[in-house]
Amino acid sequence: MTCAEADGLLAAFAVGSLDDGAQPALRSHLVICSDCRVTAGAYVSAAGQLPLSLEPVAPSPQLRARIMSVVYSDAAGTRAAAPAPESWLRRLWQAIPSARGWTLAGAGATAVAVVGLGWWGFSARHSASAGQTSVAIAGTTAQPLAHGRLSYGVDNHEAVLTVDGLAPLTTGPGAAPTYEVWLIQPGGKAEAAAYLTAEPRGTTWTAAFSGEMQRYSAVAVTLEPSSGSLTPSGQEVLRADLNSTP
Amino acid sequence: MSEIDDRILTMLGDGAPEGMELLYDQYGRLAYTLAYRVLSDEGAAEDAVQEAFLSIWRRGSTYRRDRGSLRTWVCSIVHHRAVDRLRGRSGRARQDIPIDLSPPETSMSDTWDKVSAELERDQIRIALTELSSEQRETIELAYYGGYSQTEISSLMRCPLGTVKGRTRLALRKMRSLLEGQGVEWAV
């Protein structure tokens with residue numbers, strides 16, 4: 001790639017219109033060309049002025065509160081999810097209707113739910129270890145009070161999602177909807193992972209599943225029909241980034 | 001870099017959550033304004049800003065002071081998140097690969113804190129009116145519409161090379177005009 005060719009692509013990169021197929025070649029060129037890196041910086045700076053031309057719009061005060069809630073939770077580390085007790089995992093497995101099991105299998109998810117593991121084996125493996133990582137998960141505007149934590153083992157690929165503050169699912173006529181957990185690939189494709197199950201004597205929801213979290217950019221929870229969904233179709237209620245760069 | 005930006009970065013580097021409070025108070029409104037312009041939906045815009053700020057909190061150490069102003073960095077993260085949501089909503093996939101950049105050699109100290117927000121907005125709007133309508137439309141489709149160059153080429157019914165040229169010329173012209181207005185350039 002010549003610098004002249006790169007110049008046109010750099011401007012596109014600055015405004016976010018670079019075609020995906022052009023990125024690898026441009027990146028390779030920038031690695032070796034300091035002049036083009038300077039040019040890229042100038043274009044990005046120019047594009048960075050565009051938001052300043054907009055008439056300011058204020059977000060709701062709740063947005064700041066939601067963000068800071070997660071930030072302080074992360075900082076304090078007080079909401080680290082404890083491994084789900086064995087009886088919980090057993091109830092989780094028993095609570096999954098056969099229809100949901102088919103849905104998960106049909107999705108071809110590489111993140112295999114507890115369904116395939118056996119609850120006692122999972123609980124034995126899922127104990128605090130040096131390879132554990134946890135991230136806070138925040139409610140979206142659909143459920144601003146929801147918050148939780150995803151804890152997962154980097155080595156054993158097993159994860160537990162614990163959430164508080166979710167709205168109870170309605171129990172009107174017809175089957176109640178469900179909260180479905182998704183693992184989001186960097187390209188945006190969602191893989192069905194699990195369903196949240198509510199604690200019978202409390203307001204905490206839990207899901208246990210497996211997956212190589214390093215492969216995913218985010219975890220999300222959506223409200224889906226009772227039989228689940230092969231792809232996210234309902235309202236997103238929770239989301240957390242995993243491994244994506246800013 | 002302004003004193004407040006410096007303080008924010010130091011606090012974030014130390015993992016102090018108060019740094020995020022300062023960051024949000026400084027740039028939250030601008031971030032939301034940008035996200036709302038892209039998404040035209042209050043809830044989606046708030047979600048995009050939330051994702052962006054939490055991403056900054058978790059990855060704040062990746063910011064390098066020699067790579068541009070804090071404001072530009074925050075806006076680029078918010079912009080990416082908003083466009084990702086926009087493209088996800090419309091089914092258009094987006095794949096982002098981080099690209100290392102360098103600031104221009106003629107970088108100047110950040111003096112935006114000395115210029116009122118109104119004056120800034122007017123100056124940038126004036127600069128935008130100096131662009132041709134085609135250049136302005138190209139930039140709008142790209143930056144706020146989340147369209148790729150190929151998609152813009154199709155929408156505007158012009159060759160891809162023309163789209164590239166308009167984008168490049170528009171940004172160069174903006175920079176030149178803003179510098180000509182005596183605006184201190186925040187890298």
Side-chain angles (χ1 to χ4, degrees), chain A residues 7-20 23-24 26-27 30-31 34 37-38 40-60 63-64 66-68 70-72 74-75 135-136 138 140-142 186-188 236 239-241 244-246, chain B residues 15 17 20-21 24 28-30 32-34 36-37 43 46-47 49-51 53-59 62 68 72 75-77 79 83 88 93 95 97-105 120-121 124-125 128 139 142-143 146-150 152 164-165 167-168 171 174-175 178 185 187:
Chain A
D7 192 36
L9 297 178
L10 290 172
F13 166 73
V15 295
S17 65
L18 186 66
D19 290 303
D20 288 342
Q23 290 197 29
L26 180 61
R27 187 180 188 189
L30 287 177
V31 168
S34 58
R37 287 201 298 275
V38 171
Y43 282 143
V44 169
S45 296
Q49 308 306 313
L50 290 168
L52 299 175
S53 69
L54 301 172
E55 200 63 39
V57 182
S60 70
L63 174 59
R64 188 184 194 280
R66 282 202 306 278
I67 294 171
M68 294 312 150
V70 175
V71 167
Y72 278 94
D74 264 3
V135 295
T140 65
T141 50
E236 186 175 282
R239 175 178 276 262
D241 286 340
S244 60
T245 53
Chain B
M20 286 301 294
E21 300 215 39
Y24 185 88
R29 192 173 196 182
L30 176 63
Y32 178 77
T33 299
L34 172 57
Y36 184 73
R37 175 60 181 83
E46 290 204 354
D47 287 343
V49 171
Q50 180 172 315
E51 283 174 34
F53 273 73
L54 291 179
S55 175
I56 290 170
W57 162 244
R58 289 174 179 143
R59 303 285 176 176
T62 63
T72 299
C75 282
S76 70
I77 296 167
H79 182 248
V83 169
Q95 189 175 19
I97 300 176
I99 297 181
D100 279 344
L101 304 175
S102 296
E105 289 179 4
E120 275 184 340
R121 200 153 52 243
I124 295 166
R125 285 176 179 174
L128 287 170
I139 294 294
Y143 195 75
Y147 292 99
S148 68
Q149 288 197 311
T150 300
I152 295 170
K164 291 180 181 179
T167 308
R168 186 177 72 245
L171 291 182
M174 271 184 62
R175 183 178 174 89
L178 288 170
W185 195 258
V187 171

Checklist entry - Under 3.5 Å, is there a donor-acceptor pair between the B:Glu46 and A:Ser60 side chains? => result yes
Checklist entry - Picking from A:Glu55, A:Glu236, A:Arg239, which has the most non-hydrogen pairs under 4.5 angstrom with chain B? => result A:Glu55
Checklist outcome for this item: For A:Ala136 and B:Arg58 the tightest heavy-atom approach is O-NH2, 2.8 Å
Checklist entry - Side chains of A:Tyr72 and B:Glu21: closer than 4.5 Å at any heavy-atom pair? => result yes
Checklist outcome for this item: By ring-ring contact (aromatic ring centres under 6.0 Å, His included), A:Tyr43 pairs with (sequence neighbours left out) none
Item to check | Segment of B:Thr167 engaging chain A (4.5 angstrom heavy-atom cut-off) | outcome: both
Checklist entry - Which one of A:Val31, A:Ile67, A:Val70, A:Val135 has the most heavy-atom pairs closer than 4.5 Å to chain B? => result A:Ile67
Checklist outcome for this item: Looking only at B:Met20, B:Arg168, B:Arg29, the option with the highest number of non-hydrogen pairs under 4.5 Å against chain A is B:Arg168
Next on the checklist: For chain B, which candidate among A:Ala11, A:Ser53, A:Ala12 shows the most heavy-atom pairs at distances under 4.5 Å?
Outcome noted: A:Ser53
Item to check | Structural part of B:Leu34 lying under 4.5 Å from a heavy atom of chain A | outcome: both
Item to check | Residues which pass side chain to side chain donor-acceptor pair (under 3.5 Å) with B:Arg37, listed by chain and number, not counting sequence neighbours | outcome: B:Glu140
Checklist outcome for this item: Of A:Ala240, A:Gly48, A:Ala142, A:Ala47, the largest count of non-hydrogen pairs under 4.5 angstrom with chain B goes to A:Ala47
Item to check | Minimum side-chain heavy-atom gap A:Leu9-B:Lys164 below 4.5 Å | outcome: yes
Item to check | Option that, when pairs with chain A are counted at under 4.5 Å, heavy atom only, ranks first among B:Leu54, B:Leu171, B:Leu128, B:Leu30 | outcome: B:Leu171
